[in-house]
Amino acid sequence: MELSYSITTIDGLFVVALSLLLGFEVIKNIPAVLHTPLMSGSNAISGIILIGGVIQLLNTTVESPWTMAAASIAVLLGTINMAGGFFVTHRMLSMFVVKRKPASGPRS
Amino acid sequence: MTMSLVYLASAVGLVQGLKYMGDPTRAKLGNTVAGVSVVVALIAVAWANGNAGTSALSIVLLVGTILIGAVIGKVWSDRVAMTAMPQLVSIFNALGGACAVVLGLNAVYGEGVVNGKFPGVVLILGGIFGGTAFTGSMVAFMKLDGRKLPRPVKAYKHIAQALLLTMSTITVGYLILATGTIPFPTLLLVISITALLYGVFFTLPIGGADMPVLISLLNALTGVATLMAGLLFHDPVMLIGGILVGATGLLLTTQMCTAMNRSLSHVLAGSFRSSRIPTNEVEQDIRSITAVETASLLAFSKQVAVVPGYGMAVAQAQRECFALQEQLRQNGVDLHFIIHPVAGRMPGHMNVLLAEANIPYASVIDMNAVNGKMEYYDAVLVIGANDVVNPSAENDPTSSIYGMPIIRAYKAKQVIVMKRGMAKGYSGVTNTLFDRQNCKVLFGDAKESLEQIITELKRI
């Protein structure tokens, strides 16, 4: 199953190394107020693992019902993780109404 | 070719979305960007994998499971109370881990071909990380939800160590020995079951104030499991997504550990450093204060701060905090909320609870921004927090919490600690704050006490 978008193992390792550096840079200075939404949002992103289930499901024939059933379960689990995560993050962030910069402390 | 470009766009969207999520003014946009990117990747992958051989049943199952999953996710996320956010995040994380385990086993038992050692190792690591994240998050959920669990005993730590050793031995053995010795599907099944058990025994001894560290760590584990699946399926978006999650989880884990001055290994061992001198037996001279006295004290202040802890969430006193802030504003008093990084049961939990109660973002302050100017506060109200305001962490090298960064409430002109009784904090350490001349204790339920104070303030 070699599809146009798929990458070789060594390409994959390049992506791993570079995204790891990128990932730390992107989220390095996140204020504490956003820690919970960041966590639930990144949790939602990890639901992207359901792509694996989609690949398995679409490449399985009716002759192997168990594979098909297992792939469906994987898609279901991944979708709940992903959809629920994005929805709840949206709900949380809707509560943060940012108008002014946070106070830096008492007036001295 | 077109598909590759769509995929590239999706990967860029994920990174950009996460970047926006770190900026308070654009966080909501960031969440939407990340969500749309994932959906785009999903459509692209379904399009690329659909072919003449794809059965109608597969397509029906795909659409059906995605619809059902999306509805379940939406309903759960709409119904959850903000105090229960750590539980929901744990459940979602558990499902992601379970998905990784099912995928790995299905790849081996269904397609049956493992070409070479690299995919083999990827599958094994995916099983280990996914399995641990699954059961670990389920146990974390039950702990957070207050379900009855077997009491943590020392044996759990040894069982966890033995399971970890088993998994490492099998992995190394697989790398060194010829691949044909044990059928690979059996090997992966054994590894996955071991990982599921490990998740249970590794999580059971961890509790209380260490929950923020645990949840961050489990989040990182799911990220790594997703990364492994990305390597297995040669899928760049899964790879990038997995790494971003892993990096976020690891970063929050280290930040939470720093905020408690605890090393990760201490948290995982589920124990506090034992105190050399038992300071618990010292008699404390405690001055108490009534709600009426507190109200008049607050009314004659200019700058007041509240230090909330998990006890505030337990007492469900967030709305009363908002009401207090509104009332004090009418009395011409400015009220801030000072948050310790590990207050609550997950990183940033207190901020979410205060935001839900409509407390403006502008009056919520990080510990580090304000610790140097605490003496300007006329009064500090400590609600449901204990260890994070204990001066022993700064001046008593024999204390088990020595070295933990604290909110310097003791430097304020007056400190009022709201407490139910004289129970100690999570660490079991005597709070020397009570011995200070400027500290008084207001006994009673936090919610009721706040209501009384507000009623009194209205009369003044």
Side-chain angles (χ1 to χ4, degrees), chain A residues 3-7 12 15 19-20 23-24 26-27 30 32-36 38 40-43 45-49 51-52 54-58 62 67 70-81 83-90 92-93 95-96 98 100 102-106 108, chain B residues 3-4 7 19 21-22 24-25 27-28 31 35 38 45 48-49 54-55 58 61-62 65-66 69-70 72-74 76-77 89 92 95-96 98-99 102-103 106 110 222-223 226 229 231 233-234 236 238-241 243-245 247-248 303 347-348 351-352 355-356 361-362 366 370 373 376:
Chain A
L3 297 158
S4 62
Y5 64 83
S6 68
I7 51 175
V15 175
S19 331
L20 195 61
F24 278 115
V26 165
I27 50 173
I30 288 190
V33 59
L34 287 173
H35 278 167
T36 297
L38 175 74
S40 72
S42 75
N43 190 5
I45 293 176
S46 74
I48 204 166
I49 195 167
I51 284 182
V54 174
I55 296 174
Q56 282 183 348
L57 189 53
L58 291 177
V62 200
T67 311
S72 307
I73 291 172
V75 173
L76 181 68
L77 295 173
T79 311
I80 300 175
N81 181 189
F86 282 123
F87 284 134
V88 85
T89 309
H90 182 83
M92 240 187 296
L93 289 171
M95 298 183 320
F96 289 105
V98 182
R100 288 168 291 160
S104 58
S108 39
Chain B
M3 223 34 82
S4 312
Y7 236 53
K19 174 135 185 72
M21 281 176 84
T25 54
K28 211 170 159 184
N31 186 50
V38 170
V45 92
N49 280 278
T54 305
S55 65
S58 288
L61 280 174
L62 178 66
T65 44
I66 288 186
I72 295 176
K74 176 85 175 116
W76 285 2
S77 62
V89 169
F92 285 153
L95 295 181
C99 183
V102 174
L103 277 182
N106 202 26
T222 319
T226 308
L231 284 173
F233 288 94
H234 297 283
M238 270 162 100
L239 267 183
I240 294 171
I243 292 167
L244 293 179
V245 179
T248 312
Q303 285 280 353
N351 301 81
V352 174
E356 191 198 16
Y361 169 68
D366 269 7
V370 80
K373 321 178 197 168
Y376 294 114

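Just so it is clear: chains get the letters A, B, ... in the order the sequence lines come, proteins before strands, and each one is counted from 1. Side-chain atoms are counted along with the backbone in the values below, which use heavy atoms only and exclude waters and symmetry mates.
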Practice prompt. Measure the spacing between CG of Leu244(B) and CD1 of Ile27(A) and express it to the nearest 0.5 Å.
Written response: 7.5 Å

Response to the item:
Heaviest contributor of heavy-atom pairs below 4.5 Å to chain B, chosen from Ile48(A), Leu20(A), Val15(A), Val26(A), is Ile48(A)

Worksheet item: Looking at Gly241(B), Ala27(B), Ala98(B), which has the largest count of heavy-atom pairs under 4.5 Å with chain A?
Response: Ala27(B)

Practice prompt. Look at the side chain of Ser40(A) and the backbone N and O of Val89(B), then say whether any donor-acceptor pair between them is shorter than 3.5 Å.
Written response: no

Item to complete: Please name the pair of heavy atoms, one in Cys99(B) and one in Ile49(A), separated by the smallest distance, quoted to 0.1 Å.
Response: SG-CG2, 3.6 Å

Fill in: Donor-acceptor contact present, side-chain Asn106(B) to main-chain Ala70(A), <3.5 Å
no

Worksheet item: What do the steps show when you test Phe96(A) against Lys28(B) for side chain to side chain contact (heavy atoms under 4.5 Å, CB included), and what is the final call?
Response: CA-CA 9 Å; Phe96(A) 289 105; Lys28(B) 211 170 159 184; over 6 Å; no

Fill in: Least distance between heavy atoms, Ala70(B) atom then Ala83(A) atom
CA-CB, 3.8 Å

Worksheet item: Out of Val33(A), Ile73(A), Leu76(A), which one racks up the most heavy-atom pairs below 4.5 Å with chain B?
Response: Val33(A)

Practice prompt. Give the C-alpha distance, both sets of side-chain angles, the deciding distance and a yes or no for side chain to side chain contact (heavy atoms under 4.5 Å, CB included) between Leu38(A) and Thr248(B).
Written response: CA-CA 8 Å; Leu38(A) 175 74; Thr248(B) 312; 3.5 Å; yes

Response to the item:
Bottom line for Leu34(A): the part with an atom under 4.5 Å from chain B's heavy atoms is side chain

Worksheet item: Hey, what do you get for CD1 (Ile45(A)) to CD1 (Ile240(B)), rounding to the nearest 0.5 Å?
Response: 11.0 Å

Fill in: Evaluation steps, side chain to side chain contact (heavy atoms under 4.5 Å, CB included), between Phe233(B) and Ile51(A)
CA-CA 9 Å; Phe233(B) 288 94; Ile51(A) 284 182; over 6 Å; no

Worksheet, complete the sentence: By side chain to side chain donor-acceptor pair (under 3.5 Å), Ser58(B) pairs with (sequence neighbours left out) Ser55(B)

Worksheet item: Asn81(A), Leu77(A), Ile30(A), Thr89(A): which one forms the most heavy-atom pairs within less than 4.5 Å of chain B?
Response: Asn81(A)

Discussion item. Please identify, among Gly78(A), Ala71(A), Ser72(A), Gly41(A), the residue contributing the most non-hydrogen atom pairs under 4.5 Å to chain B.
Written reply: Ser72(A)

Worksheet entry | Heavy-atom pair of closest approach, residues Ala74(A) and Leu103(B) | CB-CD2, 3.9 Å

Worksheet entry | Closest-packed option against chain A by number of heavy-atom pairs under 4.5 Å, given Ala229(B), Gly73(B), Pro347(B) | Pro347(B)

Worksheet item: Between Leu62(B) and Leu58(A), is a side chain to side chain contact (heavy atoms under 4.5 Å, CB included) present by the stated rule, with each step listed?
Response: CA-CA 8 Å; Leu62(B) 178 66; Leu58(A) 291 177; 4.1 Å; yes

Worksheet item: If you measure from CG on Asn351(B) to NE2 on His35(A), what distance do you get to the nearest 0.5 Å?
Response: 9.0 Å

Worksheet item: Who wins among Val62(A), Val88(A), Ile80(A) for the most heavy-atom pairs under 4.5 Å with chain B?
Response: Ile80(A)

Worksheet, complete the sentence: With sequence neighbours left out, the residues meeting side chain to side chain donor-acceptor pair (under 3.5 Å) with Ser42(A) are Asn219(B)

Worksheet item: Which residue out of Leu239(B), Leu61(B), Val245(B) racks up the most heavy-atom pairs below 4.5 Å with chain A?
Response: Val245(B)

Item to complete: Against chain A, label Ile66(B) side chain, backbone, both or neither, depending on which of its atoms sit under 4.5 Å from a heavy atom there.
Response: both

